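Notes follow the structure.
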Amino acid sequence: MRLRNVPGSEAIVGNSPFVVQEAGKTRGHWKAAFGNDHPIHIEVGMGKGKFLNTMAMGNPEINYIGIERYTSVLLRALQKMEENPLPNLLFICMDASELEQVFGEGEVSRIYLNFSDPWPKARYAKRRLPSRQFLARYDKILEPGGRIEFKTDNRALFDFAVEELEPAGWTARQISYDLHRDGKMMEGNVMTEYEEKFSSAGNPICKYIVYRTADFLQNNTESTTG
Ligand code: SAM
């Protein structure tokens, strides 16, 4: 989603109290930035922020951080916050390839990827947010036992994402190729902007929930051995 340059968006984002400026300085101190000890969940490539806004309203015991690289898009999320400020939601305007400079080891409890850009040309595969290169970044910042949730209507991107898991050391615990007809995975589902648009056009939505393979094996061994 690239809105045409919105005049003044850089200044608005640069001065907003809801956007953390020079986010690298907060690395390792995100809970302090929220003033509590609640877990941190992030959405990478959040767009206009509908999903995170709804999540933050419904889950005040979780701190949410939205990451979006374009000021012209982030601006829309700020407008929602100005109407209804939420103490457990912050934004960062950055490229996600720099996540490790902004979050310390294990600082994040959950990562959401929603309707990530497909980058269809093979030579740009490493720019896809569920690629093995990004999974390696998520591995650095996600706490032990932490998970990634990915939704998309783009079947080719989803197939690619599933294939990336094993070589990158991740295992799917739940997977659906038609989320909106999957009663169990739909429980508590919050629709994103793109999800509303594409599901109302009749596109099936794919979703996975993945854990590091080592965490997954350990949990399964524990549950089978009692
Ligand atoms: N997650 C929203 C949804 O589901 O409605 C928006 C989806 S939109 C297709 C993808 C968004 O991710 C765009 O706003 C884009 O600018 C952002 N994005 C893509 N790659 C990114 C990156 N490397 N770092 C930060 N944002 C990124």
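When a ligand or atom number is given, it counts from 1 through the structure's own listing order. Bear in mind the structure is a predicted one, so any value in this text is a computation, not a measurement.
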Under 4.0 Å between heavy atoms, the region of M94 that gets near ligand 1 turns out to be backbone
Donor-acceptor pairs under 3.5 Å, side chain of residues 96-105 to any protein atom, not counting sequence neighbours: which ones?
unit_1: S97; atom_1: OG; unit_2: D95; atom_2: OD1; d: 2.9

query: Are R173 and D215 close enough for a salt bridge, meaning some N to O gap below 4.0 Å?
result: no
Honestly, for Y70 the part within reach of ligand 1 (heavy atoms, under 4.0 Å) is side chain
query = Hey, does M46 sit under 4.0 Å from ligand 1 if you only count heavy atoms?
reply = yes
Q | Ion pair check, E193 and K50, cut-off under 4.0 Å | A | no
Restricting to heavy atoms, the pick from E196, K197, E68 nearest atom 17 (C) of ligand 1 would be E68
Sequence neighbours excluded, the answer for side chain to side chain contact (heavy atoms under 4.5 Å, CB included) partners of Q174 is K184, M185, I209
In terms of its nearest heavy atom to atom 20 (N) of ligand 1, the top option of E193, R69, K50 is R69
query = Do E195 and ligand 1 have an N or O pair less than 3.5 Å apart?
reply = no
Practice task
Could you tell me whether R212 and D139 make a salt bridge, using a distance below 4.0 angstrom between a side-chain N and a carboxylate O?
Solution key: yes
Among G47, G45, A96, S116, the residue with a heavy atom nearest to atom 1 (N) of ligand 1 is G45
